[in-house]
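Heads up, the thing below is written out as structure tokens.
The sequence lines fix the lettering, A, B, ..., with proteins before strands; numbering per chain opens at 1.
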4 protein chains.
Amino acid sequence: MRKSQSSANFSNKTALNKEGKNFIEFEEKVRYSETDQMGVAHNKNYFEWFEIGRTEYCRRNNIPYKDIEAQGYYLVVVEAFCKYKKPLRYDQEFFIRVFLKNITPKKVEFSYELVTKEEKKLIASGHTVHIVTNSKAKTCSLPPHIISSLKASLT
Amino acid sequence: MRKSQSSANFSNKTALNKEGKNFIEFEEKVRYSETDQMGVAHNKNYFEWFEIGRTEYCRRNNIPYKDIEAQGYYLVVVEAFCKYKKPLRYDQEFFIRVFLKNITPKKVEFSYELVTKEEKKLIASGHTVHIVTNSKAKTCSLPPHIISSLKASLT
Amino acid sequence: MRKSQSSANFSNKTALNKEGKNFIEFEEKVRYSETDQMGVAHNKNYFEWFEIGRTEYCRRNNIPYKDIEAQGYYLVVVEAFCKYKKPLRYDQEFFIRVFLKNITPKKVEFSYELVTKEEKKLIASGHTVHIVTNSKAKTCSLPPHIISSLKASLT
Amino acid sequence: MRKSQSSANFSNKTALNKEGKNFIEFEEKVRYSETDQMGVAHNKNYFEWFEIGRTEYCRRNNIPYKDIEAQGYYLVVVEAFCKYKKPLRYDQEFFIRVFLKNITPKKVEFSYELVTKEEKKLIASGHTVHIVTNSKAKTCSLPPHIISSLKASLT
């Protein structure tokens, strides 16, 4: 299992960054297929890393995203943004940090930071905005128990 | 729409290769994101090209694959093979050729050739084997009208 | 070759959208592998479509992106954004529109619209910001002939 | 870091499967973006998993693949095959097993098994064949120290 090696440093599953926000973090590595002919990770992969970040965020808050879908709720991406600061190379290890930026019954916002393994320098940052829909793609509201689970890291 | 520029040369939607097999062909181009740090198209993309080849094969046989799924039949990949002969570079144009290799109510086999645009030199060849399932992933049999549509290019 | 079917409607290689901006447009289709288990195109693919949009934009301005790299200039993505309005489904045909938003010797900005094939309804919109680097990843300036070629669609 | 949880069970970095072959194994999880509209992992991803398997194989043999490339040797895929036995679903954990099937100075063959986490049931198996080239894509021979490193798991 992908496990944050630094998780042992944290009293719990969250940490506090410079600005005092709670986040979860875990380690990833760049796959060969994620590089392009510039020799660095292609820009689209960051949005895939943001997504496995959300998956990990939900899991660590005891509400795995697959269970959210199993209960009939879908967090559909309506906005995605990434600012790229440093390149990532094949097999480079880095940390993905995930923050719950905002949550209401109808909308969830996550923000993300990718940082270098050793010095924790910023590689990229971004955010995604999600609306809540049911299995028929109609907008609906997240039930209170999912909202409080997702909020757990914030408190 | 992606259209084979050479299709105008063919009396119908199929052509005959050296070995006398019927096939459909159409043109594709290598996307930047499909290259890797070796500067060539990554090996996994060939299986994506095979797949858009199947989509095109079905469409030209008047049985679009989405209609096959809409009728409750799924062609699930159980085997995939590719032999790589020449590299493909960013923005390189090439042709995808698709052959129906074998078809029974429970199993369909396609083979593929990727060839250079000008001299039609072999870039890669391969095949996929598919079993037929229903929407609940249980094996089932393709109805006769789908089989005859898929066979149309062969006759 | 992927060709805009509607390109025949345009006097030249550009068109004018509602706001009076020049853009190029061409048609694409959703690949099966681009869908996810929600049954729609996955959010990361839009950034791949933006990229093939840039490739097409450069080609239609007679300065293919591969030639830009061959001359030693790289347009490195430093920012990417997408707003998703409507879902895209497997095999759905749509148009990609590419606008040159801003260009200086050191920075290039493109914006994009994805619209439905028939009614030209907005599926998604976004932008990317690029800095110019040389082959050693050092920032540098685009030469005047590349800038004027890229600007051609604007005038 | 992705770490095999079961690695602790092994005296060293390799294990012995039923047929008595040495292999390395590690755990992976299915990403959301790796699913398609059938609700299972798309067939092309298996070739990406095979590849991160090779990366891991080289690392555990103390010759990271990026070091092989840094020394001027490239293992270019000339053949890839996969047989799919069971579907993989979003977030499902599984093991990737990598075997060095054959190695000569000019050619390297790996085989792979994907197995379920708990019962170690076969999900998929396959192989890849690689020729050795230099940075100019000319075929060449692997030096003895790389061959012996890669062979280490076999003995």
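The shortest side-chain heavy-atom distance between D/Val40 and D/Leu88 does not fall under the 4.5 Å cut-off.
Rounding to the nearest 0.5 Å places CG of D/Leu142 at 6.0 Å from CD1 of D/Ile103. Once rounded to the nearest 0.5 Å, the distance linking CD1 of D/Ile146 with CD1 of D/Ile68 reads 5.0 Å. The distance from atom SG of D/Cys58 to atom CG of D/Leu150, rounded to the nearest 0.5 Å, is 5.0 Å. Distance check: D/Phe23 CZ to D/Phe99 CZ gives 5.5 Å after rounding to the nearest 0.5 Å.
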(request) For D/Phe47 and B/Phe47, run ring-ring contact (aromatic ring centres under 6.0 Å, His included): C-alpha distance rounded to whole Å, both residues' side-chain angles, the deciding distance at 0.1 Å, then the answer. (result) CA-CA 9 Å; D/Phe47 297 95; B/Phe47 296 95; 3.9 Å; yes
Every donor-acceptor pair from chain B to chain D under 3.5 Å, please, each on its own line.
unit_1: B/Gln37; atom_1: NE2; unit_2: D/Glu69; atom_2: OE1; d: 3.0
unit_1: B/His42; atom_1: NE2; unit_2: D/Glu51; atom_2: OE1; d: 2.9
unit_1: B/His42; atom_1: NE2; unit_2: D/Glu51; atom_2: OE2; d: 2.8
unit_1: B/Lys44; atom_1: NZ; unit_2: D/Glu48; atom_2: OE1; d: 3.0
unit_1: B/Glu48; atom_1: OE1; unit_2: D/Lys44; atom_2: NZ; d: 3.0
unit_1: B/Glu51; atom_1: OE1; unit_2: D/His42; atom_2: NE2; d: 2.9
unit_1: B/Glu51; atom_1: OE2; unit_2: D/His42; atom_2: NE2; d: 2.8
unit_1: B/Glu69; atom_1: OE1; unit_2: D/Gln37; atom_2: NE2; d: 3.0
unit_1: B/Val78; atom_1: O; unit_2: D/Tyr84; atom_2: N; d: 2.9
unit_1: B/Glu79; atom_1: OE1; unit_2: D/Lys83; atom_2: NZ; d: 3.1
unit_1: B/Ala80; atom_1: N; unit_2: D/Cys82; atom_2: O; d: 2.9
unit_1: B/Ala80; atom_1: O; unit_2: D/Cys82; atom_2: N; d: 2.9
unit_1: B/Cys82; atom_1: N; unit_2: D/Ala80; atom_2: O; d: 2.9
unit_1: B/Cys82; atom_1: O; unit_2: D/Ala80; atom_2: N; d: 2.9
unit_1: B/Lys83; atom_1: NZ; unit_2: D/Glu79; atom_2: OE1; d: 3.2
unit_1: B/Tyr84; atom_1: N; unit_2: D/Val78; atom_2: O; d: 2.9

